[in-house]
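Below, chains carry the letters A, B, ... as their sequence lines are ordered, and counting in each starts from 1.
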Protein chains: 2
Amino acid sequence: MEQKENGRTGGKAAGRGTYSVGDERRLRILDAAVEHFAQWGFHASSLARIAKDVGITQGGLLHHFRSKEDLLVQVLERTEQQDSERFFREDFATATECYVNLLRLTEYNAARLGRTRMFNVLAAEAGDPGHPAHPYFVRRYTELVSVMSDSLQRAVDSGELRQGTDVVGVAAETAAVMDGLQLQWVLDPKGFDMPTRFHAYAERLLRSITTAGTGLPERPAAGG
Amino acid sequence: MEQKENGRTGGKAAGRGTYSVGDERRLRILDAAVEHFAQWGFHASSLARIAKDVGITQGGLLHHFRSKEDLLVQVLERTEQQDSERFFREDFATATECYVNLLRLTEYNAARLGRTRMFNVLAAEAGDPGHPAHPYFVRRYTELVSVMSDSLQRAVDSGELRQGTDVVGVAAETAAVMDGLQLQWVLDPKGFDMPTRFHAYAERLLRSITTAGTGLPERPAAGG
DNA sequence: GTCTATAACCGGATAGAC
DNA sequence: GTCTATCCGGTTATAGAC
């Protein structure tokens with residue numbers, strides 16, 4: 001919070017009291033960057049091309065983001081913030097509730113091709129330990145699996161899930177299914193029904209680890 | 001088969017009858033390219049850097065592959081050929097046999113970090129319809145799901161799997177799990193035990209769709 | 001805040017020497 | 001087969017004008 005004051009927190013707000021021009025510009029740059037990282041990945045994306053999409057020059061862009069890497073970091077911070085606000089506001093009371101929420105997340109992602117494709121590309125690229133997003137994605141999966149397995153463990157304790165359920169394994173598996181389905185969906189967004197596939201997975205999974213029924217709504221009723 | 005005669009089929013073999021120098025060089029280039037596509041993706045990889053790894057110049061490399069795109073295509077063709085020879089030689093008699101085979105494939109992949117990371121990156125990048133590998137990956141998933149769901153359907157017919165099993169859904173889900181686990185494994189190859197995770201998934205899945213037991217070997221016995 | 005200009009470098013592909 | 005030389009263009013980042 002103290003050493004970064006580029007764009008979002010710094011400068012013009014103090015003197016003028018108006019965010020309109022600068023902050024809207026900043027958001028438009030972030031949106032354009034998502035599309036470019038999705039299509040080109042990080043390394044092959046170009047600040048000049050991103051800037052052109054926004055209607056400014058590369059020099060102008062670098063007034064808002066001090067470097068290409070800074071732009072990437074802020075893109076990831078923003079999308080993560082959107083995710084958390086929407087889907088991880090609090091812990092889930094039951095495993096079923098957790099999966100209903102993940103299904104909603106899948107539907108949300110299925111409505112944003114560029115954003116989802118960007119995550120596919122960056123998560124894969126970040127497998128290189130030298131990639132600027134490597135620490136981010138390592139932490140992201142650690143947290144995701146941790147939050148989910150905690151949720152599942154509470155469901156085991158409450159009797160919703162069978163004793164002896166491998167909660168960490170199921171959490172990692174669920175994250176894997178979501179990512180893998182996204183990969184297939186991005187390759188064929190029209191033909192591949194990602195939310196329905198995830199619903200089928202969740203139902204089969206819950207049927208095999210719950211003590212009673214799945215409690216999952218029918219798929220047509222769950223759709224948006 | 002008729003208009004491409006670069007490197008693999010063309011030229012020197014006809015006149016000389018010796019493959020040793022040229023073909024070994026070609027294979028070393030392909031191996032180096034795998035590592036570079038893994039680290040940089042397609043667009044940001046550089047022919048000059050790849051050539052340097054092999055000990056030749058960019059001009060020398062382009063003697064073996066007429067373009068960067070040609071290099072990518074031949075890399076994909078080679079790895080796919082290796083895959084098929086190893087794991088899809090014939091159709092599987094039972095669903096269990098199919099999953100035993102996929103577990104072997106997972107173990108195989110877990111021994112090749114660069115190759116696996118390359119597939120993660122290229123599969124994600126190829127979500128862009130303009131990416132040179134887009135048609136390849138679209139076809140790849142179509143075939144994969146087709147082969148697997150055929151196998152599963154035979155298992156339903158034989159009574160191994162429950163009637164009414166959504167074989168296409170299970171096939172897509174299985175492909176998704178493999179890809180998603182690979183993504184997590186590449187981010188943390190030491191800490192994440194991909195084959196064990198896949199084994200746990202296969203066991204849970206088979207337990208929920210087979211009529212009898214899973215028939216899957218215990219994990220330590222299955223390991224290589 | 002945005003521009004132009006510039007530094008310093010890297011990209012793929014081609015031509016031709018050997 | 002491999003090299004060097006070259007073409008033409010693209011890359012990030014910085015400097016300074018307005």
Side-chain angles (χ1 to χ4, degrees), chain A residues 5-30 32-33 36-37 39-75 130-132, chain B residues 5-30 32-33 36-37 39-75 130-132:
Chain A
E5 49 180 352
N6 193 323
R8 203 178 42 189
T9 55
K12 67 273 165 186
R16 294 254 216 97
T18 169
Y19 295 74
S20 57
V21 176
D23 229 45
E24 222 203 75
R25 189 63 105 202
R26 201 187 144 264
L27 291 179
R28 286 195 57 207
I29 294 171
L30 288 170
H36 281 257
F37 290 150
Q39 180 164 12
W40 298 95
F42 174 72
H43 296 298
S45 285
S46 148
L47 294 181
R49 285 196 299 257
I50 295 171
K52 196 172 200 175
D53 274 13
V54 185
I56 60 175
T57 62
Q58 184 235 23
L61 190 155
L62 283 172
H63 173 78
H64 298 274
F65 302 90
R66 56 164 58 84
S67 71
K68 191 187 183 185
E69 196 167 320
D70 182 46
L71 175 58
L72 173 66
V73 167
Q74 294 201 35
V75 162
H131 194 283
Chain B
E5 49 181 352
N6 193 321
R8 200 181 45 190
T9 55
K12 68 270 167 188
R16 297 253 216 96
T18 168
Y19 295 72
S20 57
V21 176
D23 230 46
E24 222 203 74
R25 189 62 105 202
R26 200 185 144 266
L27 292 179
R28 287 195 55 209
I29 294 171
L30 287 171
H36 282 257
F37 290 150
Q39 180 164 13
W40 299 96
F42 173 73
H43 297 296
S45 285
S46 148
L47 294 181
R49 284 197 298 258
I50 295 171
K52 195 171 199 176
D53 274 13
V54 185
I56 60 175
T57 61
Q58 185 233 26
L61 190 155
L62 282 173
H63 174 77
H64 299 274
F65 303 90
R66 58 164 59 85
S67 71
K68 191 187 184 185
E69 195 166 320
D70 182 45
L71 176 58
L72 173 66
V73 167
Q74 294 201 35
V75 162
H131 193 284

Result for side chain to side chain contact (heavy atoms under 4.5 Å, CB included) between A:Leu47 and one of A:Leu71, A:Thr57, A:Ile29 points to A:Leu71
Step by step, work out the side-chain hydrogen bond (donor to acceptor under 3.5 Å, both in side chains) result for A:Arg49 and A:Gln58. CA-CA 8 Å; A:Arg49 285 196 299 257; A:Gln58 184 235 23; over 6 Å; no
So, OP1 or OP2 of D:dC3: does either fall under 4.0 Å of a side-chain N or O from B:Thr57? yes
What nitrogen or oxygen pairs link the protein and nucleotides 11-14 of chain C at under 3.5 Å?
unit_1 : atom_1 : unit_2  : atom_2 : d
C:dG11 : OP1    : B:Ser46 : OG     : 3.2
C:dG11 : OP1    : B:Arg49 : NH1    : 2.6
C:dG11 : OP2    : B:Ser46 : OG     : 3.4
C:dG12 : OP1    : B:Ser45 : O      : 3.0
C:dG12 : OP1    : B:Leu47 : N      : 3.4
C:dG12 : OP1    : B:Lys68 : NZ     : 3.4
C:dG12 : OP2    : B:Leu47 : N      : 3.0
C:dG12 : N7     : B:Gln58 : NE2    : 3.3
C:dA13 : OP2    : B:Lys68 : N      : 3.1
C:dA13 : N7     : B:Gln58 : OE1    : 3.3
C:dA13 : N7     : B:Gln58 : NE2    : 2.9
C:dA13 : N6     : B:Gln58 : OE1    : 3.2

d(CZ, A:Phe65; C1', D:dA13) in whole Å: 16 Å
Distance, rounded to the nearest Å, where B:Leu61 contributes CG and D:dT2 contributes P: 10 Å
Has the side chain of B:Ser45 got a donor or acceptor atom that lies under 3.5 Å from a matching backbone atom of B:His36? yes
Measure from CG on A:Leu27 to C1' on C:dG1 and round the result to the nearest Å. 16 Å
Rounded to the nearest Å, what distance is computed from the CD1 atom of residue A:Ile50 to the P atom of nucleotide D:dT11? 10 Å
Roughly how many Å is it from NE2 in A:His64 to C1' in D:dA13, rounded to a whole number? 16 Å
May I ask you to evaluate whether B:His63 reaches the phosphate of D:dC3, defined as a side-chain N or O under 4.0 Å from OP1 or OP2? no
For residues B:Arg26 and B:Gln74, report the shortest heavy-atom separation together with the two atoms involved. NH2-OE1, 2.9 Å
Just so I know, are the side chains of B:Phe65 and B:Leu30 near enough to count as touching, which here means a heavy-atom distance under 4.5 Å? yes
To the nearest Å, how far apart are A:Arg26 CZ and C:dT2 P? 13 Å
In terms of the angle between their ring planes, are B:Phe37 and B:Phe42 parallel, tilted or perpendicular, with boundaries placed at 30° and 60°? tilted
